[in-house]
J.: 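I have a structure here, written as structure tokens, and I will follow up with some questions on it.
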Protein chains: 2
Amino acid sequence: MSGQNGRSVSTRRYPCENCPLRPLPVFREFTAKELAYVTHFKKGELAVERGATVLVEGSHSAHLYTVLSGWAFRYKLLSDGRRQILNYTMPGDLIGLQGSVMGEMQHSVEALSPMLLCVFERGELHDLYRNYPELAYDITWLASREERMLDENLLSVGRRSALERCAYLIAFICARADGVGLIARKPVAIPITQQHVADTLGLSLVHTNKTIRKLAARGLVRWRDGGCEVLDVDGLKELAHWEGLGEERRPLV
Amino acid sequence: MSGQNGRSVSTRRYPCENCPLRPLPVFREFTAKELAYVTHFKKGELAVERGATVLVEGSHSAHLYTVLSGWAFRYKLLSDGRRQILNYTMPGDLIGLQGSVMGEMQHSVEALSPMLLCVFERGELHDLYRNYPELAYDITWLASREERMLDENLLSVGRRSALERCAYLIAFICARADGVGLIARKPVAIPITQQHVADTLGLSLVHTNKTIRKLAARGLVRWRDGGCEVLDVDGLKELAHWEGLGEERRPLV
DNA sequence: CGTACTCTTGAACCGTCTCAAGCTATGTGG
DNA sequence: CCACATAGCTTGAGACGGTTCAAGAGTACG
């Protein structure tokens with residue numbers, strides 16, 4: 001069934017036992033019992049097109065998602081239209097937990113590429129907490145991870161120069177995309193426009209462009225085909241005074 | 001027993017049944033069973049002085065805290081000393097969850113006033129998740145709330161002007177402090193210096209000062225005794241285009 | 001009584017913004 | 001196939017918001 005606004009729900013289930021993400025080394029092992037429950041918890045799959053809005057600020061979504069494939073970003077708007085991108089989401093990330101736990105969504109989510117999402121039902125979250133404490137703990141783990149990334153982004157926007165910020169952002173996205181199958185081929189290609197970069201870093205589009213040109217002049221990145229090609233991640237990290245996000249293996253729900 | 005670095009552990013327990021926070025209308029009701037478990041979960045109390053560092057970036061703390069009284073702030077440092085304040089913590093807030101769940105602390109916490117903290121043991125968190133799903137859910141709730149505040153702060157630092165940012169920050173702190181006994185008397189007094197404001201908003205101290213003077217000239221705030229007195233919260237909210245943090249009652253762990 | 005911390009103000013500088021224009025793709029309808 | 005529109009990137013010039021440097025005043029504290 002095809003959707004009217006870039007969404008379509010597929011009834012064909014990608015069974016969790018054949019989850020394409022779970023075998024990846026960045027994710028933790030899972031007991032068979034947990035796997036069985038997640039399979040039961042998962043209600044279906046949702047395919048969204050590039051540019052589609054997955055969740056809207058102000059709504060009360062009945063669903064909670066895990067990204068199976070594709071890129072998206074979370075953002076908030078000020079009443080006069082100024083936009084702030086808060087973070088990016090990639091395979092293995094939860095979408096909509098805030099709304100599920102607290103009720104109303106206070107940010108929106110938009111797809112940067114075609115995406116496939118696992119759909120869970122908000123109402124069953126209590127059930128999960130009651131019966132699968134390990135999974136509940138994993139969800140808290142993922143929430144803490146998101147918080148940690150936000151801390152880092154805030155540090156960046158608040159205290160780094162434009163050049164450092166750009167370098168940081170690109171290195172950050174790279175570090176996250178690495179390991180979840182988004183950057184199979186080198187050089188790494190990130191599907192964002194310079195407007196996204198500007199709205200993430202609190203800069204104007206014009207200045208972002210000039211800053212990116214400086215990074216390009218140093219041979220760190222290249223902008224092509226409406227996206228970013230990363231040539232030297234380590235150079236970017238060094239320029240940004242960023243240590244990387246020192247992550248071990250993480251849970252996947 | 002008095003500490004060497006602004007900490008002292010009191011063996012006298014403030015029993016959870018007589019918790020001074022729980023009766024406040026901003027917090028949710030609690031079952032007797034949950035209360036009993038929290039009492040068991042709580043290992044003692046920690047008193048810290050103003051200016052003391054509660055948690056340090058890079059450490060692996062064995063503890064997790066709930067603020068019983070007093071103010072603090074979370075922050076991160078860049079290698080060259082630039083500081084970004086991430087958020088403020090007040091009574092009822094959890095401190096150190098990130099570190100407890102993921103291992104290493106990636107931010108520090110410093111007290112803005114004398115504080116009293118309930119001490120929990122990190123190792124028992126799994127136990128809590130296993131036996132008290134409602135409490136586990138509450139912890140996730142609190143983590144989501146923190147995330148929501150960070151989203152809002154990021155929007156502010158990224159997209160609001162200096163004047164709007166200052167207005168937002170003061171209104172935000174006010175809104176949070178209201179209801180947890182921190183601002184008993186009017187006018188509201190917030191124990192932060194202009195340096196804290198600057199480091200929260202990503203501004204220089206000098207410009208922060210000039211901006212605050214503008215707010216003062218409009219009769220919105222007054223700076224006195226090394227702290228901020230709020231004269232017109234609604235005026236600040238309007239200036240910042242901020243709707244308030246629309247919170248219902250929240251859990252307390 | 002000196003030292004430290006906080007707030008305050010002025011002046012010069014520069015990082016970033018806004019405005020404006022042009023360029024290159026890509027896609028669409030005639 | 002061309003005409004036109006749209007989205008994204010690029011560049012220059014001038015204006016402005018915010019930074020840095022510098023100095024001084026008030027208060028708290030040992």
Side-chain angles (χ1 to χ4, degrees), chain A residues 49-52 73 78 80-85 110-113 156-167 169-170 189-217 221-229 239, chain B residues 6 49-52 73 78 80-85 110-114 156-167 169-170 189-217 221-229 239:
Chain A
E49 296 170 9
R50 170 167 173 277
F73 63 94
L78 239 29
D80 60 1
R82 280 175 283 182
R83 178 174 76 169
Q84 177 65 38
I85 294 182
E110 184 179 320
L112 280 169
S113 73
S156 213
V157 177
R159 287 301 181 209
R160 279 191 244 250
S161 71
L163 195 65
E164 290 170 331
R165 276 184 235 185
C166 279
L169 177 62
I170 296 168
I190 304 172
I192 54 176
T193 67
Q194 298 189 357
Q195 183 69 63
H196 291 120
V197 176
D199 287 349
T200 308
L201 301 178
L203 297 170
S204 72
L205 174 60
V206 173
H207 195 64
T208 299
N209 177 273
K210 288 169 182 167
T211 307
I212 288 175
R213 311 253 71 230
K214 285 184 196 165
L215 292 180
V221 304
R222 182 167 44 185
W223 218 266
R224 285 218 325 206
D225 302 328
C228 175
E229 270 188 17
L239 180 54
Chain B
E49 297 169 9
R50 170 167 173 278
F73 63 95
L78 240 27
D80 61 1
R82 281 175 283 180
R83 179 174 75 169
Q84 177 65 37
I85 295 182
E110 183 179 321
L112 281 167
S113 72
S156 213
V157 176
R159 286 303 181 208
R160 279 191 245 250
S161 71
L163 195 65
E164 290 170 330
R165 276 185 235 184
C166 278
L169 177 63
I170 296 168
I190 305 173
I192 55 176
T193 68
Q194 298 189 356
Q195 184 69 63
H196 291 120
V197 176
D199 286 349
T200 308
L201 302 179
L203 298 169
S204 72
L205 175 60
V206 173
H207 194 64
T208 299
N209 176 273
K210 287 170 182 166
T211 306
I212 288 176
R213 309 256 70 232
K214 283 182 195 164
L215 292 180
V221 304
R222 182 167 43 188
W223 219 267
R224 284 218 323 206
D225 304 326
C228 175
E229 269 188 17
L239 180 55

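Convention: sequence-line order gives letters A, B, ...; per-chain numbering from 1. Below, all heavy atoms of this structure are taken into account, side chains as well, without hydrogens, waters or symmetry copies.
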J.: Say you draw a straight line from CZ of A:Arg83 to NE2 of A:His196; how long is it, rounded to the nearest 0.5 Å?
T.: 5.0 Å
J.: Take the protein atom CG of A:Leu215 and the nucleotide atom C1' of D:dC9, then report the distance between them rounded to whole Å.
T.: 15 Å
J.: Going by number, which of residues 190-203 of chain B have a non-hydrogen atom under 4.0 Å from DNA chain D?
T.: B:Gly202, B:Leu203
J.: Could you check how far CZ of A:Arg159 sits from C1' of D:dT19, rounded to whole Å?
T.: 11 Å
J.: If you check the A:Asn209 side chain, which of C:dC17, D:dT10, C:dA11 turns out closest?
T.: D:dT10
J.: Which whole-number value in Å describes the distance from A:Arg160 CZ to C:dT16 C1'?
T.: 19 Å
J.: Is there a donor-acceptor pair under 3.5 Å between the side chain of B:Arg159 and the backbone N or O of A:Leu203?
T.: yes
J.: Please report, rounded to the nearest Å, how far the C1' atom of C:dT18 is from the CG atom of A:Asp80.
T.: 15 Å
J.: Mind calculating the distance between CZ (A:Arg213) and C1' (C:dT16) to the nearest angstrom?
T.: 18 Å
J.: What nucleotide among D:dG12, C:dT8, C:dC7 has an atom nearest to a side-chain atom of A:Val206?
T.: D:dG12
J.: About how many Å separate CD of A:Glu49 and OG of A:Ser113, when rounded to the nearest 0.5 Å?
T.: 11.5 Å
J.: On DNA chain D, does the nearest nucleotide to A:Trp223 precede the nearest nucleotide to A:Lys210 from the 5' side, or the other way round? Give the residue.
T.: A:Trp223
J.: Within this structure, what is the CG-to-C1' distance between B:Leu205 and C:dT8, rounded to whole angstrom?
T.: 10 Å
J.: Is the side chain of A:Arg165 donor-acceptor paired with the backbone N or O of A:Arg160 at a distance under 3.5 Å, no angle test?
T.: yes
J.: If you assign B:Gly226 and A:Ser204 each to the DNA chain C nucleotide with the nearest heavy atom, which residue ends up on the more 5' nucleotide?
T.: B:Gly226
J.: Please round to 10 degrees the angle between the axis of the first five pairs and the axis of the last five pairs in the helix from C:dC1-D:dG30 to C:dG30-D:dC1.
T.: 40°
J.: Would you call A:Thr200 and A:Ile192 a side-chain contact if the rule is heavy atoms closer than 4.5 Å?
T.: no
J.: Which nucleotide in the list C:dG10, C:dT16, C:dT18 gets nearest to the side chain of A:Ala162?
T.: C:dT16
J.: Report yes if some heavy atom in the side chain of A:Leu215 is under 4.5 Å from a heavy atom in the side chain of A:Ile170; otherwise report no.
T.: yes
J.: For the pair made of CD in B:Glu164 and C1' in D:dG17, what is the distance, rounded to whole Å?
T.: 13 Å
J.: Send over the distance from A:Lys214 NZ to D:dT10 P, rounded to a whole Å.
T.: 14 Å
J.: Between atom NE2 of A:His207 and atom SG of A:Cys166, what is the distance when rounded to the nearest 0.5 Å?
T.: 8.0 Å
J.: Please report the closest heavy-atom contact between A:Trp223 and A:Val197, naming both atoms and the distance.
T.: CH2-CG2, 4.0 Å
J.: With a 4.5 Å cut-off on side-chain heavy atoms, are B:Ser156 and B:Leu169 touching?
T.: no
J.: Between atom CD of A:Glu164 and atom CZ of B:Arg82, what is the distance when rounded to the nearest 0.5 Å?
T.: 4.0 Å
J.: Output the single nucleotide from C:dT16, C:dC19, D:dA22 whose closest atom is nearest the side chain of A:His207.
T.: C:dT16
J.: One pair to check against side-chain contact (heavy atoms from CB on, under 4.5 Å): B:Thr208 and B:Leu201. What are the steps and the verdict?
T.: CA-CA 9 Å; B:Thr208 299; B:Leu201 302 179; 5.8 Å; no
J.: Could you give the distance from CG (B:Leu112) to CZ (B:Arg50), rounded to the nearest 0.5 Å?
T.: 8.0 Å
J.: Collect all protein-nucleotide pairs involving nucleotides 26-28 of chain D in which both atoms are nitrogen or oxygen and the distance is under 3.5 Å.
T.:
none

